[in-house]
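Naming: A, B, ... by sequence-line order, numbering from 1 per chain.
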Amino acid sequence: MAKELKELTSRSENYSQWYQDLVIKADLAENSAVRGCMVIKPYGYAIWEKMQRQLDDMFKETGHVNAYFPLFIPKSFLSKEAAHVEGFAKECAVVTHYRLKNDPNGGGVIVDPDAKLEEELIVRPTSETIIWNTYKNWIQSYRDLPILCNQWANVVRWEMRTRLFLRTAEFLWQEGHTAHATSGEAEAEARQMLEVYATFVEEFMALPVHKGVKSASERFAGAVDTYTIEAMMQDGKALQSGTSHFLGQNFAKAFDVTFTSKEGKQEHVWATSWGVSTRLIGALIMAHSDDNGLVLPPKLAPYQVVIVPIYRNDEQLAQINEKVAGIVKNLKSLGVSVKYDNSDNKKPGWKFAEYELKGVPVRLAMGGRDLESNTIEVARRDTLTKETRSCDDIEQYIKDLLDEIQQNIYQKAFDFREKTTQVVDSYADFKVKIEDGGFILAHWDGTAETEELIKDETKATIRCIPLEGDKTPGVCMVTGKPSTQRVLFARAY
RNA sequence: CGGGGUGUAGCACAGUCCGGUUAGUGUGCCUGGUUUGGGACCAGGAGGUCGGGAGUUCGAAUCUCUCCACCCCGACCA
């Protein structure tokens, strides 16, 4: 079994340190020379690429197309939607000049004071404003609708405190921005994309989520309704993993985007926006990994299988190379991504530890003994178990095993979530149970005051008002006033 | 932005309180050899603006001021 990894803090010892260590040791990302901004390293970026490819396919399947809008937003645009500016103003990077010059006092380069911009540019924290300013010109008639655009981009939010993947000043994401003729159609779009996100996170990230709607105070700045998927991390804190907003006519009104309806009337356009970010990588890490390192679900692992040869001399290596080549070929033809690591500058033991740390779902090892007996050693990352099997039909076995691992990782996360979800009826009980971590289902009177009180006293927030599950009415655990259904509480990232 | 901590070789750290030879240790790296079924061993070698700047001093990794970065706990947030 794996030796205790040097320098990887255990989860029980210090969960955030474990997370931090893991991101670095598994070579996913590192802090950069720029405050709050990370360098995503090749292995981490490979995971993002897998996520992107899958999500992009799902967006295309639901009728969306990709486009690209500017990084910079004129300052005046941001202030057109009152709630929006209120929500983002405090965390915007601002471009004020367009030129540098040599310091006449010899101190390198300085900002040229003569190159001040007439109007400052905001580095986008999100693109609703620049996009709706653009859509204004694209939309005249109901025939121009719907517009179903997505963009893959980077955005900047000047956060006070950052953590690799979970919260960085710059992050990568996709943002969908759609325009519709009717409220119902926009609402359906927002709900559809929430489903797309939930499907992606559950099926590919192997992470169960609660779908729901945000309370007013947790709503996106400028939205009428914010839909969310909420996942549970191993330390008992919830992570908002994707959001889809029904924006009503707020942005259409702010940017004066109207169309002529079939009936010949001028109407404001209805909108949605929806996004997921590199934060998902943080969720992936925190949900499944263990004290030995990453555990990646096969569907998102940069490579699903790694093969390590064990040999005493060049002749034996040549024999193993030949034997493994056939297996690699067959695995690839079954659609399995595989890396054969026969590099001579690392020892097998080192490779075992390394790929375990990097979360490769299946590791195969072939040595002299296996050559003799036509066998191969199969090691699972999720259970850390090993078995020796015949090479006959090993490829199909591996393919099936990958499905099983995907399922097992999901099941483990699901069981954990269920185990850590509690139903609570009294506020006194809530205050006790919230200390256990996990989700709490409780009745709430629907007011911001009660929500605020709970947050102040317990640090727990309403993650969402679930769309599915028990809808039985009751009474608020704090005020005793009527409640239409239980809502989902947790402490959150 | 408030409180706390850290910054010395690629990485992890000691040395700082109490200023004084040539700044150490582990690991990693390079060379040679032996090894290879869970992070190998021996021998030799290279590698440092002690986070940046200013100051005190005959002398600063060490004292003072200042700036910067990172981590932890808060407030804010995807």
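- Checking G74(B) for Watson-Crick or G-U wobble geometry (two distances, each under 3.5 Å) identifies C1(B) as its partner.
- Nucleotide A23(B) forms no Watson-Crick or G-U wobble pair with any nucleotide shown, as no partner meets the under 3.5 Å limit on both distances.
- As judged by a 4.0 angstrom heavy-atom cut-off over every strand, Thr168(A) is placed among the base-contacting residues.
- Following rounding to the nearest Å, Tyr493(A) (OH) and G74(B) (C1') show an atom-to-atom distance of 15 Å.
- For the pair Lys347(A) NZ and G38(B) P, the interatomic distance rounds to 9 Å; values are reported in whole Å.
- Between Glu387(A) atom CD and G37(B) atom C1' there is a gap of 16 Å when expressed in whole angstrom units.
- Atom CD of Glu387(A) has more than 12 heavy atoms from other residues, nucleotides or ligands within 6.0 Å.
- Of all nucleotides present, only U31(B) satisfies the Watson-Crick or G-U wobble test against A43(B), with each distance under 3.5 Å.
- Within 4.0 Å of Gln20(A), counting heavy atoms only, lie sugar-phosphate atoms of the nucleic acid but no base atom.
- The stretch residues 301-328 of chain A touches RNA chain B through Ile310(A), Tyr311(A), Arg312(A), each having a heavy atom within less than 4.0 Å of the strand.
- Ring geometry for Phe204(A) against Phe200(A) counts as parallel: the plane angle stays under 30°, on a 0 to 90° scale with 60° as the upper cut.
- Inter-residue side-chain proximity for His288(A) and Asp382(A) is flagged as unmet; no heavy-atom pair is nearer than 4.5 Å.
- Leu166(A) comes within 4.0 angstrom of a base, heavy atoms only.
- Residue contacts shown for Phe220(A) are absent, as no nucleic acid heavy atom lies under 4.0 Å away.
- Annotation: Trp132(A) is not in aromatic contact with His84(A) [ring centroid separation under 6.0 Å not met].
- Whole-Å rounding puts the Leu164(A) CG to C70(B) P distance at 10 Å.
- Contact annotation for Gly36(A): backbone-only contact, meaning every heavy-atom pair under 4.0 Å involves sugar-phosphate atoms and none involves a base.
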Classify every nucleotide of nucleotides 1-6 of chain B by which part a protein heavy atom approaches to under 4.0 Å, writing B for the base, S for the sugar-phosphate alone and - for neither, in 5'-to-3' order. B-----
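- At a threshold of 4.0 Å, the pair Lys60(A)-Asp56(A) counts as salt-bridged, since one of the basic side-chain nitrogens sits closer than that to a carboxylate oxygen.
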Side-chain donor-acceptor pairs of residues 121-128 of chain A under 3.5 Å, sequence neighbours excluded:
{"unit_1": "Arg124(A)", "atom_1": "NE", "unit_2": "Asn154(A)", "atom_2": "O", "d": "2.6"}
{"unit_1": "Arg124(A)", "atom_1": "NH1", "unit_2": "Tyr68(A)", "atom_2": "OH", "d": "3.3"}
{"unit_1": "Arg124(A)", "atom_1": "NH1", "unit_2": "Phe69(A)", "atom_2": "O", "d": "2.9"}
{"unit_1": "Arg124(A)", "atom_1": "NH1", "unit_2": "Pro70(A)", "atom_2": "O", "d": "3.2"}
{"unit_1": "Arg124(A)", "atom_1": "NH2", "unit_2": "Tyr68(A)", "atom_2": "OH", "d": "2.7"}
{"unit_1": "Arg124(A)", "atom_1": "NH2", "unit_2": "Asn154(A)", "atom_2": "O", "d": "3.2"}
{"unit_1": "Arg124(A)", "atom_1": "NH2", "unit_2": "Asn154(A)", "atom_2": "OD1", "d": "2.7"}
{"unit_1": "Thr126(A)", "atom_1": "OG1", "unit_2": "Glu128(A)", "atom_2": "OE1", "d": "2.6"}
{"unit_1": "Ser127(A)", "atom_1": "OG", "unit_2": "Gln151(A)", "atom_2": "NE2", "d": "3.2"}
{"unit_1": "Ser127(A)", "atom_1": "OG", "unit_2": "Glu175(A)", "atom_2": "OE1", "d": "3.4"}
{"unit_1": "Ser127(A)", "atom_1": "OG", "unit_2": "Glu175(A)", "atom_2": "OE2", "d": "2.7"}
{"unit_1": "Glu128(A)", "atom_1": "OE2", "unit_2": "Ser273(A)", "atom_2": "OG", "d": "2.7"}

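- Here A69(B) sits opposite U6(B) as a Watson-Crick or G-U wobble pair (both hydrogen-bonding atom distances under 3.5 Å).
- Residue contacts for Gly275(A): at a heavy-atom cut-off of 4.0 Å it reaches no nucleic acid atom on any strand shown.
- Cation-pi geometry between Arg463(A) and Phe439(A) is not met at under 6.0 angstrom from the ring centre and within 45 degrees of the axis.
- Taking the six-membered ring where the residue is Trp, the centroids of Phe72(A) and Phe77(A) are separated by 6.0 Å or more.
- Under the Watson-Crick or G-U wobble criterion, with both distances below 3.5 Å, A61(B) is left unpaired in every strand shown.
- Across all strands shown, Lys459(A) has heavy atoms under 4.0 Å from sugar-phosphate atoms exclusively, and none from any base.
- Distance CZ (Arg167(A)) to C1' (C70(B)): 16 Å, rounded to an integer number of Å.
- Distance Glu230(A) CD to C77(B) P: 14 Å, rounded to the nearest Å.
- Ring centers of Trp48(A) and Phe165(A): at least 6.0 Å apart, outside the cut-off.
- Note on Asp370(A): a base of the nucleic acid sits closer than 4.0 angstrom, heavy atoms only.
- Nucleic acid contact class of Glu159(A) (heavy atoms, under 4.0 Å, all strands): base.
- Counting any heavy atom pair closer than 4.0 Å across all strands shown, Ser16(A) reaches sugar-phosphate atoms only and no base atom.
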